[in-house]
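Encoded as structure tokens, the structure appears first; notes follow it.
First listed ligand is number 1; within each ligand, the first listed atom is number 1. This chain uses plain numbering: 1 for the first residue, then up along the sequence.
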Amino acid sequence: MRILSGIQPTGDKHLGNLIGALRHYATNQHLGEAFYFIADLHALTLLPDPTELRRATLSTSAMVLAAGVDPERATLFVQSHVAPEHAQMAWVLQCVANMGELNRMTQFKDKTEGKKDGGSVGLFTYPVLQAADIVLYDADHVPVGHDQKQHLELSRNLAQRFNNRYGADTLVVPKPLIAEVGGRVRDLQDPAKKMSTSTGSEKGTVWITDEPAAVLKKFRSAVTDTGNEVRYDPEAKPGIANLLELMHVATGTEISDLEAEFGSGGYGHFKTAAGEAMVAYLEPIRERYLELVGDEAELERILKQGAARAREVAGATLERAIAKTGLLLG
Ligand code: TYM
């Protein structure tokens, strides 16, 4: 079985990235051969500052490792190190994809809202590159947060359509792995929205590298509701439900047991306990991250080793797929 996922090197990483995705990278690396990559080609769609993109590519790699990915077990690589294969596969899939389905992508709509020029073409075809990332590694399972569900559906459709046109079983049709609990971490100040690097509120976004005091402060000032009962009800009490999910992940205690423990003790007491639990959960990850991010030579060694394996696998899949299309192989 193959597992694959990617994360963009855009700024610092937050609790949504960790709880929704990164921690599952670590657990899933034991289920088969795993590939995790830093999606710098995707990040380019928003034209980041070049120095910042380089910095964030290394720091995001350090974060993936700090979250528990073992480079001797899983392949960690940078997408642009395998750019020819990813770009070629993306082109082939662009010819299979249609405008109508890409026009329905909600992330594209969100990212281009209010933009007079409609955003870059790269941003529009972004989900097709994502599909290429996945099929190149014959990925069976893709651990992601809930916000990637639509992109994963498109990846499945494109793989199936390619196979219908060019031959059954040429591409593996991937399945998303989205956790029931923690698959959508919400902004602590606005539980109607997901926690996000680009659209979140500063006070409602907990960075994995936040100092313990800052984490605690953000949890204590989390927006809840006018009631006073700590109960898991995502519809009626999205703020409290979000905190219960986070505390469950941080402590391993079942949500029903947390409800029993904190149910009538007041929101203040619960929010402090949830914050303290998160500080304890984040502490070893933050420490490992700070150690790793300072050792650029080691990070570069790991990424180089990962690129070699990734190229080997992606190259073979690309050749297999292209041979079916009638394009002459060089
Ligand atoms: P990105 O970089 O935005 O996010 C990385 C991962 O974090 C998850 N995530 C969340 N999960 C729960 N709650 C949240 N608030 C939250 N915010 C982010 C995302 O779902 C993701 O799993 N397009 C992808 C990168 C990508 C990719 C791929 C992923 C490129 N190619 C191929 C899988 C397979 C993205 O922008 O993720």
* To do: Please could you name the atoms of ligand 1 that Met195 approaches to less than 4.0 Å, counting only its heavy atoms?
  =>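 With Met195 as reference, the close atoms of ligand 1 come out as 14 (C), 15 (N), 17 (N).
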* Would you mind running through ligand 1 and noting each atom that sits below 4.0 Å from a heavy atom of Arg184? =>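 Listed by number with element, the hits are 12 (C), 13 (N).
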* Asked: Hey, do the aromatic rings of Tyr126 and Phe108 have their centres closer than 6.0 Å?
  ->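 Distance test on ring centres: not under 6.0 Å, no.
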* Between Val144 and ligand 1, which part of the residue brings a heavy atom under 4.0 Å of the ligand: side chain, backbone, both or neither? ->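 Val144 to ligand 1: contacts from backbone and side chain alike.
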* Asked: Considering only heavy atoms, does Thr197 approach ligand 1 within less than 4.0 Å through its side chain, its backbone, both, or neither?
  ->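 Neither part.
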* Using a strict 4.0 Å threshold on nitrogen-to-oxygen distance, state whether Glu101 and Arg161 make a salt bridge. =>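 Salt bridge between Glu101 and Arg161, a charged N being under 4.0 Å from a carboxylate O: yes.
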Nearest non-hydrogen atom to [atom] belongs to which of [options]?
{"atom": "atom 11 (N) of ligand 1", "options": "Ser198, Pro174, Pro143, Gly16", "value": "Gly16"}
{"atom": "atom 20 (O) of ligand 1", "options": "Ile38, Thr10, Asp147", "value": "Asp147"}
{"atom": "atom 34 (C) of ligand 1", "options": "Val142, Leu152, Asp40", "value": "Val142"}

Among protein heavy atoms, which sits nearest to [atom], and what does the distance come to when rounded to 0.1 Å?
{"atom": "atom 13 (N) of ligand 1", "value": "Val185 N, 2.8 Å"}
{"atom": "atom 7 (O) of ligand 1", "value": "Asn17 ND2, 3.1 Å"}
{"atom": "atom 32 (C) of ligand 1", "value": "Gln130 CG, 3.5 Å"}
{"atom": "atom 25 (C) of ligand 1", "value": "Gly6 O, 3.5 Å"}
{"atom": "atom 2 (O) of ligand 1", "value": "Gln8 N, 2.8 Å"}

* Contact between Gly183 and ligand 1, counting heavy atoms under 4.0 Å? ->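 A heavy atom of Gly183 does come that close to ligand 1.
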* Asked: Is there a heavy atom of His14 sitting under 4.0 angstrom from any atom of ligand 1?
  ->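 Checking ligand 1 against His14, which is what was asked, there is a heavy-atom contact under 4.0 Å.
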* Do the ring planes of Tyr25 and Tyr36 sit parallel (below 30°), tilted (30 to 60°) or perpendicular (above 60°)? ->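 Tyr25 vs Tyr36 ring planes: parallel.
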* **Flag for Asp40-Thr57: side-chain donor and acceptor within less than 3.5 Å** =>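 Result is no, nothing qualifies.
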* Assess the side chains of His42 and Gln79: does a donor N or O sit below 3.5 Å from an acceptor N or O? =>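 Result is yes, a qualifying pair exists.
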* **Inter-residue atom distance Asn17.CG - Thr197.OG1, 0.5 Å rounding** =>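 The CG atom of Asn17 sits 5.5 Å away from the OG1 atom of Thr197.
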* Applying side chain to side chain contact (heavy atoms under 4.5 Å, CB included) between Phe219 and each of Thr272, Val206, Val279, report the one that passes. =>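 For Phe219, the side chain to side chain contact (heavy atoms under 4.5 Å, CB included) test succeeds with only one of Thr272, Val206, Val279, which is Val206.
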* Asked: Do you know the tightest heavy-atom contact between Ala241 and Pro234?
  ->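 Where Ala241 meets Pro234 most closely, the heavy atoms are CB-CA, 3.7 Å.
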